[in-house]
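One structure is given below, encoded as structure tokens.
As the structure is a prediction and not an experimental result, all values here were calculated from the model. First listed ligand is number 1; within each ligand, the first listed atom is number 1. The analysis underlying the following values was restricted to heavy atoms, covering all of them including side chains, and did not include hydrogens, waters or symmetry mates.
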Amino acid sequence: MINQTILINIFTIYIRISSALNTNEDSKLNFTGLGFKYGHNVEEHNVITEDGYILKLYHIPGNDRRPVLLVHGIIDSSDTFIIRGNGSLAITLVNRGYDIWAINTRGNRCSKLHEYLNPNDGNFWNFSFHEMGYYDLPATIDYILERTNQKQLTAIGHSQGNTLFYVLGSTRPEYNEKIKVMIALAPICFLHNVKPPVSTLLELLPTVGNLLQTFGMEEVFSDEAVYSGVIKSLCNQKEVGYEVCARGVFFAIGGSDSSEFEPEFLPVVVSRYPTSTSRKNGVHVAQVALRRSFSQYDYGPMRNIAVYNTIVPPLYDLGKVKMRVVLFVGRNDGMSSIRDTELLRDRLPNVEYRLLEHKKLNHLDHVWGRNMDQYLFPHILSVLKKYN
Ligand SMILES: *[C@@H]1O[C@H](CO)[C@@H](O)[C@H](O)[C@H]1NC(C)=O
Ligand SMILES: *[C@@H]1O[C@H](CO)[C@@H](O)[C@H](O)[C@H]1NC(C)=O
Ligand SMILES: *[C@@H]1O[C@H](CO)[C@@H](O)[C@H](O)[C@H]1NC(C)=O
């Protein structure tokens, strides 16, 4: 334990020095600070879920008859929608008068609070994207509708942020009516057609998950973990950082597009990404890929009988996801492949499919790309206008 404490201190000092050298002030501002810098006041709200999680919800007030809920992906946070500043989706939409709400799902840096569970306790981390869709979304949607006095809102999800809506629409069908339209950026549902290295990572995940479980590590990518400090300081190194973190990780996994992700932007990303989630969430994603089935968490036959009363975990019935969904798909996306999004399109009852023209558009450009005002936002704005 002493060694770990000393290591944490050394790395904390190291990170402070690295970030002191880094001149981009946006890497030091939180969502509220960024909103203010780019011309808007931001309100911080706490939403409490039915099962006791306390979620941080940011609000950039606009026209409250046009609420838009932004939902981030895995190991990410609300900040993903604002770190591009004037070129970000949150600022672009509020400047057009939309009322912006950005969720932080359970367990990430901003939402590590609970009414009675402690994040140092394994029970806090007993969730996957299932609970985020089943509890976090309904609590947040109802909170926003009550505050704005509306019956419906528009949702925009990125990556796993979309999976949550398929869980919601299939397990709590009454929520379909509360969504005017769901704009799905780089949507993740089926993972039948992913290629290496993502497929390799997914194959390794259950083994890694078991190992972590043996050591009682239910939280992954904790901001306090020593390895997170190592990752962040490595990524912040000039040149080396870009090769290792941008080319070696982000482009390898999400698809390569260096023209949308410049070296100066990397510290802004790394200052808040990755952030914590549960081991169980990662394992559930891997199960969807390896079992080739969009189903609830697989505990193994015996436990499944106790939990679900069936040997195999129940499928999510996409036929019940009756909300209008507009899928936005990039041609260079290493995670959300065209074939998998076509499978999703064919299962959703009320869907529109848009394959974006910009050929290099990868998984992360949707939130982090620097020219999305040209390649992506006009399409989002046209959908928003049609439904608002
Ligand atoms: C964000 O930063 C501001 C000032 O920089 C601070 O007052 C506020 O408490 C921070 N919000 C959160 C949720 O940490
Ligand atoms: C953001 O854009 C607005 C309007 O175009 C401009 O007035 C402002 O200076 C920009 N802010 C920053 C920090 O670049
Ligand atoms: C985790 O939650 C599930 C259902 O929500 C429950 O069946 C299971 O017993 C819990 N696991 C642990 C380790 O508490």
Side-chain angles (χ1 to χ4, degrees), residues 19 23-47 49-60 77-79 82-97 101-104 106-114 116-136 167 171 209-210 212-219 223 264-265 268 271-272 275-276 278-281 283-284 287 295-310 313-314 370 372-373 377:
S19 46
T23 49
N24 197 329
E25 76 163 353
D26 286 11
S27 57
K28 295 184 198 77
L29 295 172
N30 62 21
F31 192 100
T32 307
L34 287 169
F36 190 70
K37 176 173 171 181
Y38 295 99
H40 298 273
N41 281 323
V42 178
E43 299 166 4
E44 296 178 9
H45 296 255
N46 291 320
V47 174
T49 68
E50 221 177 284
D51 60 344
Y53 287 82
I54 303 169
L55 312 176
K56 182 67 77 190
L57 177 66
Y58 289 106
H59 179 210
I60 320 180
S77 68
S78 56
D79 296 15
I82 200 169
I83 50 178
R84 271 294 178 188
N86 270 342
S88 71
L89 186 58
I91 298 294
T92 302
L93 295 184
V94 74
N95 284 344
R96 304 273 176 142
W101 300 80
I103 193 177
N104 285 284
R106 58 184 59 200
N108 88 355
R109 177 187 311 111
C110 311
S111 294
K112 266 171 97 165
L113 287 171
H114 191 283
Y116 49 89
L117 294 175
N118 185 324
N120 295 325
D121 177 356
N123 284 336
F124 179 94
W125 301 97
N126 184 12
F127 63 78
S128 72
F129 62 78
H130 176 85
E131 285 74 15
M132 299 176 194
Y134 193 83
Y135 295 113
D136 295 358
V167 171
T171 58
N210 285 338
L212 293 174
Q213 190 171 30
T214 311
F215 289 107
M217 293 170 71
E218 295 296 329
E219 177 185 8
D223 295 290
E264 297 72 36
F265 186 58
V268 183
S271 62
R272 60 207 93 214
T275 179
S276 40
S278 63
R279 178 190 64 79
K280 188 175 179 181
N281 189 22
V283 173
H284 194 178
Q287 288 178 354
S295 306
Q296 294 196 39
Y297 191 82
D298 187 2
Y299 291 97
M302 299 304 283
R303 284 288 307 288
N304 285 342
I305 290 175
V307 178
Y308 308 117
N309 218 7
T310 48
R370 67 168 144 185
M372 291 304 114
D373 56 332
F377 298 167

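- Contact detail for Ile103 and Ser78: the closest heavy-atom pair is O-CB, 3.6 Å.
- Taking each heavy atom of His284 and His130 in turn, the nearest pair found is CE1-CB, 4.3 Å.
- Only the side chain of Tyr58 comes within contact range of ligand 1, with a heavy atom under 4.0 Å; no backbone atom does.
- With a 6.0 Å cutoff to the six-membered ring centre and a 45° limit on the axis angle, Arg84 does not count as a cation-pi contact of Tyr38.
- Annotation: cation-pi geometry satisfied between Lys280 and Tyr297 (NZ/CZ under 6.0 angstrom from ring centroid, within 45° of ring axis).
- Heavy atoms from other residues, nucleotides or ligands lying under 6.0 Å from CZ of Phe36 number 12 at most.
- At the top of the distance list for atom 7 (O) of ligand 3, counting protein heavy atoms only, stands Val307 CG2, 3.7 Å.
- Note: Thr275 OG1 to Arg109 CZ = 4.0 Å, rounded to the nearest 0.5 Å.
- Residue-ligand proximity, Asn123 to ligand 3, at heavy-atom distances under 4.0 Å covers atoms 14 (O).
- The protein heavy atom nearest to atom 5 (O) of ligand 1 is Asn30 ND2, 4.7 Å.
- With Trp125, Tyr308, Tyr299 as candidates, the residue nearest to atom 4 (C) of ligand 3 on a non-hydrogen basis is Tyr299.
- Of the N or O atoms in Tyr38, none lie within a sub-3.5 Å distance of an N or O in ligand 2.
- The shortest N/O to N/O separation between Glu131 and ligand 3 does not fall below 3.5 Å.
- Taken from OG1 in Thr92 to CG in Asn86, the straight-line distance is 7.5 Å, to the nearest 0.5 Å.
- Annotation: Thr32 places no N or O atom under 3.5 Å from an N or O atom of ligand 1; distance criterion only.
- Closest to atom 14 (O) of ligand 2 among all protein heavy atoms lies Asn86 ND2, 3.5 Å.
- Counting only distance, with no hydrogens or angles, the side chain of Tyr53 and the backbone of Phe124 share a donor-acceptor pair below 3.5 Å.
- Proximity of atom 9 (O) of ligand 1 to the protein is not indicated, since no non-hydrogen protein atom lies closer than 4.0 angstrom.
- The protein reaches atom 2 (O) of ligand 2 closely, with a heavy atom under 4.0 angstrom from it.
- Atom 11 (N) of ligand 3 has its closest protein heavy atom at Asn126 ND2, 2.9 Å.
- Residue-ligand proximity, Arg303 to ligand 3, at heavy-atom distances under 4.0 Å covers atoms 7 (O), 8 (C), 9 (O).
- Taking the six-membered ring where tryptophan is involved, the planes of Phe31 and Tyr58 are essentially parallel, since the angle between them stays under 30° and well short of 60°.
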